[in-house]
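Take a look at the structure below.
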Number of protein chains: 2
Amino acid sequence: MRQVTMGDVAKKCKLSVATVSRVYTDPEKVSPKNREKVYKAIQELNYQPNALARNLRKLQTNSILVIIPNIMNTFFSYILCAIQKVAFNSGYKVLLGDTDSSPEMEAKYLYYLQQKLVDGVILLYPRSNPEEIQKIAGEYPVVIVGQQAPESSIPFVINSNFLSSQTATEHMIKLGHRRIAHFSGRLSQPVSRERQKGFVFAMEANGLDVDKSLVCEGDFYFDSGHALALKLLSSAQPPSALVAASDEMAIGAIKAARKLGVRVPEDFAIIGFDDIKMASICEPALTTMAQPKEELARLSTEMLLSYIKGEPPHQNCVVLNDQLIIRESCGWALLNND
Amino acid sequence: MRQVTMGDVAKKCKLSVATVSRVYTDPEKVSPKNREKVYKAIQELNYQPNALARNLRKLQTNSILVIIPNIMNTFFSYILCAIQKVAFNSGYKVLLGDTDSSPEMEAKYLYYLQQKLVDGVILLYPRSNPEEIQKIAGEYPVVIVGQQAPESSIPFVINSNFLSSQTATEHMIKLGHRRIAHFSGRLSQPVSRERQKGFVFAMEANGLDVDKSLVCEGDFYFDSGHALALKLLSSAQPPSALVAASDEMAIGAIKAARKLGVRVPEDFAIIGFDDIKMASICEPALTTMAQPKEELARLSTEMLLSYIKGEPPHQNCVVLNDQLIIRESCGWALLNND
DNA sequence: TTGTAGGCGTTATCAT
DNA sequence: ATGATAACGCCTACAA
């Protein structure tokens with residue numbers, strides 16, 4: 001069954017394809033009478049314009065690609081969800097590019113731009129090297145979320161990693177902790193280094209020793225937090241508190257503590273990062289630095305869309321502040337309950 | 001800056017566009033010497049074929065749309081992730097259609113097919129009415145996951161809801177429970193009705209009364225489970241066990257119990273459905289009916305792709321079995337620990 | 001093995 | 001306000 005085309009509609013109402021086309025692109029320009037005729041024919045033939053032809057003609061797809069390390073993490077899926085909402089409301093479709101944290105996948109997806117498969121890309125927490133990214137982002141609309149593009153003019157939106165990590169650490173120090181551990185993500189990622197630096201800075205600024213054996217490299221995922229905590233808690237001199245660079249690792253640590261009979265927060269206070277859904281639900285509820293997910297998503301999408309449309313951007317680089325959310329795992333309530 | 005086209009490549013190596021095109025579609029058909037020339041020119045010009053033009057010419061996009069109620073739920077995001085992997089390996093791109101559980105959104109997304117924006121659709125747990133779906137699915141490749149398409153020939157993949165709900169319920173009965181509650185999803189959805197029926201059937205088959213006040217309609221989400229459990233547990237005759245039709249509701253119930261000082265599983269045994277990530281992490285770990293997520297995703301994608309390619313399908317309707325995963329929340333260990 | 005040329009379904013320009 | 005027509009960039013008979 002051949003597809004219904006504009007030609008068919010035109011023939012049906014004895015008008016030209018140009019007029020039919022105008023009904024879609026600029027209805028004002030066609031007389032009310034003819035407009036009606038066209039609408040009727042469209043209805044009767046159940047016609048829908050072929051997006052492929054339109055895309056080719058206009059050399060654009062009205063869709064964007066979101067490159068994302070792992071949709072299973074609710075932090076990412078939340079952002080993805082928010083991006084899709086903003087994009088949808090602006091008439092843009094969202095292609096999904098889950099990289100499973102692989103730089104190679106990330107690069108493959110970036111090439112969708114060159115193939116004209118999408119009009120722009122939102123790149124969440126990139127893993128591939130800056131040159132690779134710069135090569136594409138220099139020519140096509142790309143906005144990076146969660147990482148500052150060093151020495152390049154790629155627009156980005158990030159949260160205040162250094163500062164927030166510092167805040168989280170100082171929260172623990174204020175609660176009286178001296179031996180504090182830090183679990184970072186892979187240090188190959190700038191985010192991880194930023195958060196680790198914030199931790200070290202806060203410790204030193206408060207005159208505390210940074211025991212190197214307590215500054216551990218994880219990978220942001222649950223399992224790494226679990227394994228690291230098991231090791232530390234069964235060592236000779238276990239820490240009394242943990243600043244984790246992700247909620248997943250923090251929750252992994254909670255589970256590890258429980259397995260060893262270590263009480264959280266009494267014997268081991270924990271603070272996470274991200275505020276994923278599980279953070280408020282797990283037991284004890286996780287104290288964490290909440291990233292402004294909604295804002296991150298909205299701003300990056302708006303920036304990308306105006307970039308695509310060639311509008312002058314209001315802002316190219318945005319740094320958003322995180323928010324400390326005090327729940328149970330840090331032991332704040334133990335001291336402040338009256 | 002004009003985009004590089006096949007014409008440019010052709011000119012560069014003094015061959016025709018046809019030859020260049022063949023290098024992509026059927027390299028065997030062009031002489032090794034010329035092939036090299038073309039490769040070189042492609043390299044030098046940094047040429048990438050324009051997917052838009054190719055799509056129009058071939059009237060296909062090599063992409064599929066996944067319509068999904070809510071990516072924030074790890075059950076769905078897991079399936080989405082698995083679908084994307086299978087699709088990617090077959091050269092297909094994945095468009096994301098998060099409906100936020102709205103039938104209207106679902107319908108809008110279905111029309112992407114008519115607009116030729118995608119070659120096929122995987123429809124997860126549809127919420128819109130069957131006629132609406134049938135209208136599109138009758139003409140274009142659609143595979144439904146999680147719901148049987150009644151009186152229509154739309155291919156589908158589901159799990160054994162009735163049977164699994166029965167199994168879950170009987171598990172509770174075997175553990176000695178008599179007053180058992182059931183939380184369903186919205187009864188407008190067939191899945192919900194199936195699971196509820198499975199519960200009722202198991203109760204009656206075992207000669208137990210079904211107290212209507214214990215058979216509650218929720219909406220699959222955390223909050224509904226929380227609210228319902230609060231109500232039931234503070235009633236005059238609280239149940240001693242709960243069969244929840246989703247893990248989210250089950251975990252909501254766990255939190256409610258904790259809030260009221262009711263011990264899980266000692267005073268209130270709970271079993272969930274889905275096996276989301278949080279199920280193994282929450283406290284106590286959730287006993288649940290695990291859906292074969294991987295299989296659901298793989299089979300539906302394979303079915304859709306062969307449907308798109310016009311291959312005769314191996315199977316049109318698949319029913320997969322769930323698996324009972326015993327953890328802590330049902331209290332099995334209390335009886336069987338020796 | 002290679003080249004020529006028509007067409008995929010729209011949109012946009014230019015006449016009328 | 002409307003119509004004829006030339007692109008958009010690629011693929012694929014068909015001819016050479």
Side-chain angles (χ1 to χ4, degrees), chain A residues 1-39 41-42 45-63 91 111-119, chain B residues 1-39 41-42 45-63 91 111-119:
Chain A
M1 192 195 54
R2 214 184 100 269
Q3 109 156 266
V4 185
T5 78
M6 245 179 199
D8 300 326
V9 177
K11 205 178 295 170
K12 179 126 196 158
C13 45
K14 301 205 169 96
L15 289 164
S16 73
V17 286
T19 307
V20 178
S21 176
R22 271 191 286 263
V23 167
Y24 283 98
T25 55
D26 204 352
E28 302 300 305
K29 289 205 165 178
V30 31
S31 72
K33 206 172 56 184
N34 281 340
R35 218 184 303 158
E36 275 316 308
K37 272 209 271 186
V38 172
Y39 283 138
I42 286 172
L45 294 172
N46 190 24
Y47 167 77
Q48 283 261 355
N50 182 318
L52 297 169
R54 176 180 291 171
N55 289 349
L56 174 59
R57 180 55 233 242
K58 306 179 73 162
L59 289 180
Q60 57 170 40
T61 62
N62 278 295
S63 55
Y111 280 90
Y112 280 14
L113 279 168
Q114 259 193 19
Q115 300 168 229
K116 304 286 181 297
L117 276 166
V118 292
D119 298 341
Chain B
M1 191 195 56
R2 217 185 96 269
Q3 107 155 269
V4 185
T5 78
M6 245 179 197
D8 300 325
V9 178
K11 205 177 296 171
K12 179 124 194 160
C13 47
K14 301 203 168 102
L15 289 164
S16 73
V17 287
T19 308
V20 178
S21 175
R22 272 190 284 261
V23 167
Y24 282 99
T25 55
D26 205 350
E28 303 299 305
K29 288 204 165 179
V30 30
S31 73
K33 205 173 53 183
N34 283 340
R35 217 184 303 160
E36 275 318 307
K37 274 209 271 186
V38 172
Y39 283 138
I42 286 172
L45 294 173
N46 191 22
Y47 167 77
Q48 283 260 355
N50 183 317
L52 266 39
R54 180 180 285 171
N55 288 349
L56 174 59
R57 176 57 230 243
K58 306 181 73 162
L59 290 181
Q60 57 171 38
T61 62
N62 278 296
S63 57
Y111 279 90
Y112 279 14
L113 279 167
Q114 259 193 19
Q115 301 168 229
K116 304 286 181 299
L117 276 166
V118 292
D119 298 341

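Keep in mind that this is a model prediction, so the values were computed, not measured. Values below: every heavy atom of this structure, side chains too, minus hydrogens, waters and symmetry copies.
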Side-chain N or O of B:Y47 closer than 4.0 Å to phosphate OP1/OP2 of D:dC10: yes
Per A:V17 side chain, nearest of listed nucleotides C:dG9, C:dG3, D:dT5: D:dT5
Listed nucleotide nearest any side-chain atom of B:Q3, set D:dG9, C:dT13, C:dG3: D:dG9
Along DNA chain C (nearest heavy atom to each residue), the more 5'-positioned of A:M6 and B:V30: B:V30
For the student: nearest non-hydrogen atoms of B:S63 and B:L117, plus distance: OG-O, 3.7 Å
Selected nucleotide, minimal atom distance to B:N50 side chain, candidates D:dC10, C:dT11, C:dT4: D:dC10
Rounded distance [0.5 Å steps], OG1 in A:T25 versus CZ in A:R54: 8.5 Å
OP1 or OP2 of C:dG9 under 4.0 Å from side-chain N/O of A:T5: no
Minimum-distance nucleotide to A:A53 side chain [options: D:dG9, C:dG9, D:dC10]: C:dG9
Earlier contact from the 5' end, DNA chain D, for B:A18 and B:L56: B:L56
Sugar-phosphate only, base, or nothing, as touched by B:L15 at under 4.0 Å among non-hydrogen atoms: sugar-phosphate
Nucleotide nearest B:K58 when distance is taken to its side chain, options D:dT12, C:dC8, D:dA4: D:dT12
Pair of N/O donor and acceptor under 3.5 Å linking D:dG9 base with A:R57 side chain: no
Per A:R54 side chain, nearest of listed nucleotides D:dT12, C:dT11, D:dC10: C:dT11
Contact nearer the 5' end of DNA chain D, comparing B:P49 with B:R22: B:P49
Side-chain heavy-atom pair B:N46, A:Q114 within 4.5 angstrom cut-off: yes
Distance in angstrom units between A:D26 CG and C:dA12 P, rounded: 10 Å
Phosphate contact (D:dG3 OP1 or OP2) by A:T19 side-chain N/O below 4.0 Å: yes
Spacing between A:N62 atom CG and C:dT10 atom P, to the nearest angstrom: 16 Å
Spacing between B:Q48 atom CD and D:dG9 atom P, to the nearest angstrom: 15 Å
Between P of C:dA12 and CG of A:L59, the distance in whole Å: 11 Å
Sugar-phosphate, base or nothing in reach of A:S31, heavy atoms under 4.0 Å: sugar-phosphate
Any side-chain heavy-atom pair of A:L59 and B:Q3 under 4.5 Å: yes
A:N55 and B:N55, any side-chain heavy atoms less than 4.5 Å apart: no
Nucleotide C:dG9, atom P - distance to CG of A:L45 in whole Å: 15 Å
Gap between atoms NZ and C1', on A:K29 and D:dG3 respectively (whole Å): 14 Å
Test log, rule side-chain contact (heavy atoms from CB on, under 4.5 Å), inputs B:L15 and B:V38: CA-CA 8 Å; B:L15 289 164; B:V38 172; 3.9 Å; yes
Whole angstrom value for the distance that separates P of D:dG3 from NZ of A:K11: 15 Å
Short side-chain N/O contact from A:T25 to OP1 or OP2 of C:dT10, under 4.0 Å: no
Distance test, side-chain N/O of A:S21 to OP1/OP2 of C:dT11, below 4.0 Å: yes
For atom CG of B:N55 and atom C1' of C:dG9, their distance in whole Å: 13 Å
